[in-house]
Amino acid sequence: MMPKGLLIVVSGPSGAGKGTICKELLKEIDLNISISATTREPRTGEVDGKNYFFISKNEFKEMLLRNEFLEYAEVYGNYYGTPKKYVLDMLEEGKDVLLEIDIQGALSVKEIYPDGVFIFILPPSMEELKKRIEKRGSETKEAMLKRLDAAYRELKYVFKYDYGVLNDEVDSAVDNIKAIIKAEKCKVNRKKDIIDNIKEV
Ligand code: 5GP
């Protein structure tokens, strides 16, 4: 039997830099990123089917009723969900899957799929986090303050994760995640198939 792929969940507060880290990670190692569905409006430059599947609230509701999400969450007034089929099919085929999702979503994935690897991206400081959220500039002042406040409250969830990766520099954060993935793949409980096949000679 082929071993299952690894489910890697990269999460953390808004502005911690998860997006940039995941983009770099995908360039360096062979991972399949799950594309989420969202009811949020696309930002300039975002492409449907690449960044997200941009869908209406009704479509989202229908997917929800059909039980098509592995997890979903409401983030700052918009809905985001991970389509279940893609993720489970990939894992079944032995391929590794990357989810870049918010904290609520990561915690619900952990409930149903504890075999995943849960990585929390930590901002180097609150000042830096504030700068990053402000730099995004795509939201109103009120929305930015809301994000900052939420990010501050969310930091305490780091202890529910397997790993915390400090994002002071993207390259070193990416290196750390690569090391985590390598180590996770060597865990004996993930090697059961190989070990069962070792026969005495
Ligand atoms: P943004 O609107 O900035 O693209 O994303 C807002 C937040 O939603 C980010 O923290 C992002 O990681 C999270 N997010 C994106 N897709 C999903 C998803 O499928 N599920 C959950 N729970 N969060 C998501």
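We count ligands from 1, going down the list as the structure has it; atoms in each ligand are counted the same way. These numbers were taken from a predicted model, which means no experiment stands behind them.
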N/O to N/O below 3.5 Å, does that happen between [X] and ligand 1?
X: Asp102; value: yes
X: Gly81; value: yes
X: Glu46; value: no
X: Ser14; value: no

Only one of Phe53, Phe54, Phe60 passes ring pair (Phe, Tyr, Trp, His ring centres under 6.0 Å) with Tyr79, and that residue is Phe60
Any heavy atom of Arg147 under 4.0 Å from ligand 1? The part involved is side chain
Exercise. Counting only heavy atoms, which portion of Tyr76 has something under 4.0 Å from ligand 1: side chain, backbone, both, or neither?
Worked result: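 Neither; nothing of Tyr76 gets under 4.0 Å from ligand 1.
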- Query: Distance-only, no hydrogens or angles: does the Ser34 side chain make a donor-acceptor pair with backbone N or O of Thr82 under 3.5 Å?
  - Reply: no
Q: Look only at the side chain of Asn32 and the backbone of Asp96, and say whether a donor-acceptor pair between them is shorter than 3.5 Å.
A: yes
Ranking Phe53, Phe69, Tyr79, Tyr80 by closest non-hydrogen atom to atom 14 (N) of ligand 1, top hit is Tyr80
In terms of its nearest heavy atom to atom 11 (C) of ligand 1, the top option of Glu74, Arg43, Glu41, Glu100 is Glu100
Donor-acceptor pair between Glu111 and Ser108 side chains, under 3.5 angstrom: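 Looking only at side-chain atoms, Ser108 and Glu111 do not form any donor-acceptor pair under 3.5 Å.
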Between Tyr52 and Tyr80, does the ring centre distance come in under 6.0 Å?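 Ring-ring flag for Tyr52/Tyr80: true, centres closer than 6.0 Å.
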Quiz item: When clusters are formed by joining ILVMFWY residues with side-chain heavy atoms under 4.5 Å apart, either directly or through shared neighbours, do Ile8 and Tyr113 land in the same one?
Solution: no
- Query: Do Val87 and Val109 belong to the same hydrophobic cluster, where Ile, Leu, Val, Met, Phe, Trp and Tyr are linked whenever their side-chain heavy atoms lie under 4.5 Å apart, directly or via other members?
  - Reply: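 Yes; tracing contacts between hydrophobic side chains, which count when under 4.5 Å, links both residues.
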Below 4.0 angstrom from a heavy atom of [X], which ligand 1 atoms are there? Numbered from 1 as shown, please.
X: Ala73; value: 22 (N)
X: Arg40; value: 1 (P), 2 (O), 4 (O)
X: Lys18; value: 9 (C), 10 (O), 12 (O)
X: Gly105; value: 22 (N)
X: Glu71; value: 18 (C), 19 (O), 20 (N), 21 (C), 22 (N)

Per side chain to side chain donor-acceptor pair (under 3.5 Å), Ser14 is matched among Arg147, Lys146, Arg132 by Arg147
To the nearest 0.5 Å, tell me how far Asn176 CG sits from Ile21 CD1.
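The CD1 atom of Ile21 is 9.5 Å from CG of Asn176, to the nearest 0.5 Å.
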